[in-house]
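What follows is a short report on a single structure.
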Amino acid sequence: MTSGTQDAAATAGQGGRAEIAALVDHTLLKPEATTADVEALVAEARSLGVLAICVSPSFLPLQGTGDLVVATVCGFPSGKHASEVKAAEAARAVADGAQEVDMVVDVGALREGREDDVRADVAAVRAAVPAPLVLKVILETAALTDEEVVAGCRAAEAAGADYVKTSTGFHPAGGATEHAVALMARTVGGRLGVKASGGIRTAAQATAMVAAGATRLGLSGSRAVLDGLPAGDAASGGVRA
Ligand SMILES: O=C[C@H](O)COP(=O)(O)O
């Protein structure tokens, strides 16, 4: 069972603050981010009770992350890097303490129908990020047709990824949509997780993404999203095992 499947099983039908927080990668990937910004992100992540933080690889290794999962990105944001370069970047990130790596595929390769090349690209990074470390594959769905999204999901699964992920959050065509998340969820059929990211700013958007099939959320604005959700707890029936 993949971690994504475990996420889905643990969160199906959930929508309270704690349940959504448990799906969140609290994210800071802006090029202008400073060490102080990352320290503030980590402190905020701990106070919010999110699952993970996701930062650029140059900030690793990180101190003071406690129980937070440490995630980073690879081949970001264009995906236009040689597979060997992505693999080396991922290997360095793992050596620096990354537990999860979100890689960007060559989006143009998907648009050209080069699914085998995308699979090989993902496989190269997978080799550098062995299980139980987690590999997420960013497809940049706003730049793709449905058929290309499906091909990207197939390539990611064939290469052994744990998640498919909608977006970098940096593409001018946009970020996550319910349509893309639902399509990805149908395609991977619970065998991989689905991470929705890019442009999710409100509680309503976040819950809609989960309802569409997202098992992880990438958010730079986690506080605003979580503050818009009902508290919910085990005693009130807000959490089911
Ligand atoms: O992977 C996560 C994204 O970069 C977050 O995008 P966002 O800043 O639109 O929330």
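Residue numbers count from 1 along this sequence. One-based numbering, in listed order, for ligands and for the atoms of each. Quantities reported herein were computed from a predicted structural model and do not represent experimental measurements.
Distance alone, capped at 3.5 Å, is enough to place a donor-acceptor pair between the T27 side chain and the D25 backbone. A donor-acceptor pair is defined here as one N or O able to donate and one able to accept, closer than 3.5 Å; such a pair exists between the side chain of S167 and the backbone of S197.
Salt bridge D67/R46: absent, no basic N to carboxylate O contact under 4.0 Å. A salt bridge is defined here as a Lys NZ or Arg NE, NH1 or NH2 lying under 4.0 Å from an Asp or Glu carboxylate O, and E100 with K195 fails to meet this definition.
Here the options are V210, V50, L219, the test is side-chain contact (heavy atoms from CB on, under 4.5 Å), and the partner is L23; only V210 passes.
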Under 3.5 Å: N or O atoms of ligand 1 paired with protein N or O:
| from | atom 1 | to | atom 2 | distance (Å) |
| --- | --- | --- | --- | --- |
| ligand 1 | 1 (O) | K165 | NZ | 2.9 |
| ligand 1 | 4 (O) | T168 | O | 2.7 |
| ligand 1 | 8 (O) | S220 | OG | 2.5 |
| ligand 1 | 9 (O) | G199 | N | 2.7 |
| ligand 1 | 9 (O) | R201 | NH1 | 3.1 |
| ligand 1 | 9 (O) | R201 | NH2 | 2.9 |
| ligand 1 | 10 (O) | R201 | NH1 | 3.1 |
| ligand 1 | 10 (O) | S220 | N | 3.0 |
| ligand 1 | 10 (O) | S220 | OG | 3.1 |

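Nearest heavy-atom pair across E148 and T145 is OE1-N, 2.8 Å.
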